[in-house]
Amino acid sequence: MTVKTLQINGKPVSAAEDQTLLDVTRENGIQLPTLCHLDGLSDVGACRLCLVEVKGSNKLLPACTTRAVEGMEVSTDSERLRRYRRQIVELLFAERNHVCAVCVANKNCELQAVALEVGMDHVGFQYQYPLTEIDASHARFVLDHARCILCTRCVRVCDEIEGAHTWDVAARGAQARVITDMAVPWGKADSCTSCGKCINVCPTGALFEKERAATGISKNKGFLTYIKNAREKKQWSR
Amino acid sequence: MTGTESLEQIAERRLEARQALRCRVSVCSGLGCESVGGQAVLEKIRARMKEEGLAEASEVYPTCCRGLCQHGPIVEVQWKEGGQPRRHLYLDVDEEQAERIALAHAREGKPAAGLASHADDPFFTRQTRIVLANAGEIDPEDIESCIAAGAYSALQKALTEMKPADVIQEITQSGLRGRGGGGYPTGLKWSTVAKEQGARKFVVCNGDEGDPGAFMDRSVLEGDPHEVLEGMALAAYAVGADQGYVYVRAEYPLAIKRLRAAIKHAERQNLLGAHIFDTGFNFRVDVRTGAGAFVCGEETALIASIEGSRGTPRPRPPYPATSGLWGHPTLINNVETLANVPAIIRNGGQWFASIGTAKSKGTKVFALAGQIKNTGLIEVPMGITLREIIYDIGGGIPEGRRFKAAQTGGPSGGCIPAQFLDLPVDYESLQQVGTIMGSGGLIVMDESSCMVDVAKFFVQFCQEESCGKCIPCRAGTVQILSILDRITRGQGELGDLDRLAELADLLRSTSLCGLGQTAPNPVVSTIRYFREEYVAHVVEHRCPAGVCSMSAVKKPAAPAVERVTP
Amino acid sequence: MNAEPATATAPKGGDKRMKMLDAAMRRQQFQPDALLEVLHAAQELYGFLAPEVLLHIGRSLKVPPSRVYGVATFYNHFSLKPKGEHTCTVCMGTACYVKGSGEILEGLKKEFGLGGNRTTTQDGKVSVVVARCIGACGIAPALVFDQEMVGGLTPKAAVARARRWTP
């Protein structure tokens with residue numbers, strides 16, 4: 001196991017063989033906003049919030065998928081990076097119909113949390129108001145496309161952890177939507193095991209339990225690392 | 001070893017047989033000529049030759065794209081007069097003329113009266129052909145004619161006289177750069193893959209030519225598939241791969257058909273498959289069809305597509321050279337890049353490097369389209385000026401209109417205005433003026449085009465083709481498009497140009513792949529050189545070129561009460 | 001022999017096309033990676049991809065249904081709805097666009113009452129679809145009427161040509 005040393009914001013830090021820049025920043029108390037990343041799931045580098053500047057590269061690199069390399073000089077907090085993060089979150093709010101006041105995830109939402117974190121106080125882009133639907137056909141769960149940010153955590157958790165691969169993404173671009181089986185109503189998706197993992201990993205109020213609709217949701221994401229540790233390391237501690 | 005005959009023997013046999021021919025007639029069989037009756041012309045000439053008893057003494061065959069698509073069907077006749085080789089290039093040949101041409105050459109051994117030869121037109125003489133060199137010489141579906149023209153001789157030379165490292169050395173020395181648009185040094189890419197350790201390696205030919213307005217790769221795949229296959233085999237030998245894929249977009253059924261046939265023919269001659277030229281080198285090639293997604297021209301999206309998934313790009317690093325198809329080291333090169341390889345190995349890297357400019361070697365195939373007299377396919381040395389391309393080769397703008405701009409690089413590129421007509425066309429110069437070489441689409445525009453409308457056209461394309469994985473591209477292209485849409489409807493607002501600049505910076509810097517990163521280029525480039533046009537749209541609600549609908553602008557209403565001046 | 005009527009819905013058992021599709025999958029050794037090649041074969045056999053066909057492919061290749069659906073809907077080439085009897089493809093590549101293919105498209109859409117998501121007429125006779133560059137830029141603006149490529153038409157001429165299908 002080769003340990004590497006590198007610099008983050010001028011501070012020397014160390015990294016183990018297969019650690020990503022995101023792992024290293026977190027270990028050293030440096031905050032990076034993330035939405036598509038979730039401990040326990042594979043990383044896709046899709047939301048672009050965790051982009052960092054690396055000396056010698058003219059491209060910004062996503063911390064979640066970039067391995068730490070010996071001698072790297074990383075900066076995470078320039079004016080430019082802060083501006084991009086804010087704009088990306090603004091784009092999300094303008095893209096679909098996010099109305100916090102009536103949302104079951106209000107105050108328990110990672111999108112809200114990230115918006116606060118990056119200092120977004122208004123949206124400078126034109127709201128698109130796409131026509132979105134709600135799928136409440138499942139006995140226990142609901143999918144509200146208005147709140148979906150296409151982070152694909154639901155797709156990944158159902159594929160990688162539960163193994164049912166009920167969720168996937170259909171169409172592309174601004175028309176992309178998450179779907180179950182052959183784009184049938186969730187309640188008719190034979191492959192779904194109703195395990196509820198997708199509910200727990202969804203960062204917004206797009207996926208929620210009917211039971212919690214009135215009281216508000218509380219999601220438990222720690223279960224992922226718990227399961228992984230149990231399976232791979234035979235450690236069962238929460 | 002090729003069955004019973006060697007490569008040289010086949011070539012000799014065919015060349016000797018040609019000596020006894022009265023004439024050779026080639027009819028262009030590219031898509032452009034086919035669509036205006038090329039096949040019928042070919043059949044007419046063949047039938048007439050047969051009736052004149054010259055079926056054995058003449059060769060009438062389809063050949064690859066001659067390039068002057070505006071004037072198809074194109075027929076070339078080659079014959080000998082007093083021991084000297086003669087040729088006559090006929091344009092715009094219809095069936096009636098086909099008859100006359102066949103008769104004239106069959107009975108009199110002379111060109112048909114009244115039909116001029118265009119072989120010495122500047123369109124043809126000003127080109128330097130390497131990739132398209134075989135036009136007129138070969139029938140893509142007759143491998144022996146290709147062998148007679150030199151096909152697979154470079155592969156034989158490499159497998160029997162050179163080491164893989166020597167092959168890479170020649171490519172590096174040649175200075176060949178990626179012709180798909182990136183311009184990445186090919187030799188460097190090859191040596192990176194060669195150095196990777198891996199149980200298996202792959203060579204992929206990127207034929208997903210998605211730039212709207214580009215048809216260079218299609219023409220090469222249709223017209224000279226063996227050139228590409230040989231290039232792939234040489235690449236495989238150089239990097240240590242044993243399997244290749246040609247990824248062709250679904251919209252090119254003719255190219256797919258010709259490729260599949262070519263692979264079969266090559267396998268039958270043992271030029272592909274196992275123990276090629278009786279060496280230990282094995283290389284199989286399969287065709288993979290795209291399915292209508294521009295983003296699949298991006299390397300990692302292409303890989304995902306071959307693996308049977310949605311064509312969404314993956315973060316790089318790791319690069320395909322290290323971890324590509326199914327995690328194995330993979331070399332991905334564009335069609336035109338690979339098509340240059342056999343010539344480089346035959347003639348040497350130095351020969352190639354003697355053409356072009358200091359940093360951009362060799363030639364480039366361009367698809368000339370738009371408001372230009374000679375639309376079609378051309379191959380020119382790097383460093384030629386835009387003026388030469390447009391006026392000397394392209395014939396200039398029709399109806400005496402004025403040149404306004406040339407678009408290169410498709411939706412990832414920018415426009416070149418009239419002030420840069422004397423710009424040498426090479427990778428660096430184009431970058432400096434804010435565009436890219438791209439894959440070769442060169443759209444010429446005159447004053448009847450509105451640059452805002454053109455920018456909107458390209459952004460709309462990117463927005464529709466965005467895969468949706470990353471937020472900046474998926475949501476950002478929508479925003480850029482909606483601003484441009486407002487501007488072209490007469491609802492532009494002050495501040496729109498700043499908003500566009502901000503979005504451009506965001507997409508360029510934060511998008512996951514080249515599609516999103518370059519989507520703002522047409523907008524940025526047209527604002528840079530045609531700012532007054534944007535200002536007219538936004539401030540005066542007027543489209544100077546008269547293209548944009550400006551539908552939201554209402555005419556001032558008539559006053560309700562007539563004022564009477566006292 | 002019972003002649004199966006060609007329907008636009010689920011393929012029935014004994015349909016020759018199903019056997020040919022199975023043969024195509026067998027040629028690919030039922031590899032899940034061959035999904036795109038198999039979808040191409042299915043599209044060619046049936047003209048479009050019905051849900052039952054997609055499910056059958058998923059089961060045969062051992063690919064989850066949502067993934068098959070996700071792949072089928074990602075690519076423009078695949079159609080999940082039956083196309084019309086005749087298809088007019090308008091090329092919207094740059095070269096064709098600057099020569100007026102945009103107007104031709106608008107003219108055709110207006111004539112046949114198409115727009116938004118609807119690309120096929122109510123009676124299923126005519127489909128008007130857009131292609132993003134078919135590579136025939138030399139004869140811009142390029143149109144394809146079923147299999148026939150025609151260039152240099154005006155919007156009026158294009159409409160007249162398409163109207164030949166619905167006399």
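Heavy atoms only: backbone and side chains are in, while hydrogens, waters and symmetry mates are out.
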Begin with the C-alpha distance, continue with both residues' side-chain angles, and end with the deciding distance and a verdict on side-chain contact (heavy atoms from CB on, under 4.5 Å) for B:Q371 and C:K99. CA-CA 8 Å; B:Q371 315 291 9; C:K99 285 246 169 104; 4.0 Å; yes
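- For B:E34, no part lies near chain C; criterion is any non-hydrogen pair under 4.5 Å.
- Residue contact with chain C, scored on non-hydrogen atoms closer than 4.5 Å, involves the side chain of B:V295 exclusively.
- Most heavy-atom pairs under 4.5 Å with chain C: of the set B:G292, B:G370, B:P411, this distinction falls to B:G292.
- Atom CD of C:E44 has 12 or fewer heavy atoms from other residues, nucleotides or ligands within 6.0 Å.
- Using a 4.5 Å cut-off between heavy atoms, B:C296 touches chain C through its side chain atoms alone.
- Of the atoms belonging to B:R310, heavy atoms from both backbone and side chain fall under 4.5 Å from chain C.
- For chain C, no part of B:D217 is nearby; none of its heavy atoms comes within less than 4.5 Å.
- With values rounded to the nearest 0.5 angstrom, C:N76 atom CG is found 7.5 Å from B:E251 atom CD.
- Here the side chain of C:H77 pairs no donor or acceptor atom with the backbone of B:A293 at under 3.5 angstrom.
- The greatest number of non-hydrogen atom pairs below 4.5 Å with chain C, out of B:V444, B:V547, B:V36, B:I443, is found for B:I443.
- Across B:F457, B:F458, B:F461, a single residue satisfies side-chain contact (heavy atoms from CB on, under 4.5 Å) together with C:Y97, and that is B:F457.
- With rounding to the nearest 0.5 angstrom, the CD atom of B:E464 is 8.0 Å from the CE atom of C:M92.
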Is there a side-chain contact (heavy atoms from CB on, under 4.5 Å) between B:S309 and C:F74? Walk through the geometry before answering. CA-CA 9 Å; B:S309 301; C:F74 181 87; over 6 Å; no
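- Nearest heavy-atom pair across B:G290 and C:H40 is O-NE2, 2.9 Å.
- Looking at B:S448, there are no atoms closer than 4.5 Å to chain C (heavy atoms on both sides), in backbone or side chain.
- For a residue to count as touching a neighbouring chain, one of its non-hydrogen atoms must lie under 4.5 Å from one of that chain's; by this rule B:Q407 does not touch chain C.
- Heavy-atom distances place the backbone of B:A214, and not its side chain, under 4.5 Å from chain C.
- Looking only at heavy-atom pairs under 4.5 Å with chain C, the residue among B:S449, B:G72, B:G308 that has the most is B:G308.
- Of the two parts of B:L68, neither the backbone nor the side chain holds a non-hydrogen atom closer than 4.5 Å to a non-hydrogen atom of chain C.
- In plain terms, the two heavy atoms of B:S305 and C:Y75 that are nearest each other are OG-OH, 3.1 Å.
- With chain B as partner, the option from C:L35, C:V38, C:L36 having the largest number of non-hydrogen pairs under 4.5 angstrom is C:L36.
- Chain C forms the most heavy-atom pairs under 4.5 Å with one residue out of B:G30, B:G210, B:G213, and that residue is B:G213.
- With a 4.5 angstrom heavy-atom cutoff, B:R249 touches chain C only via side-chain atoms.
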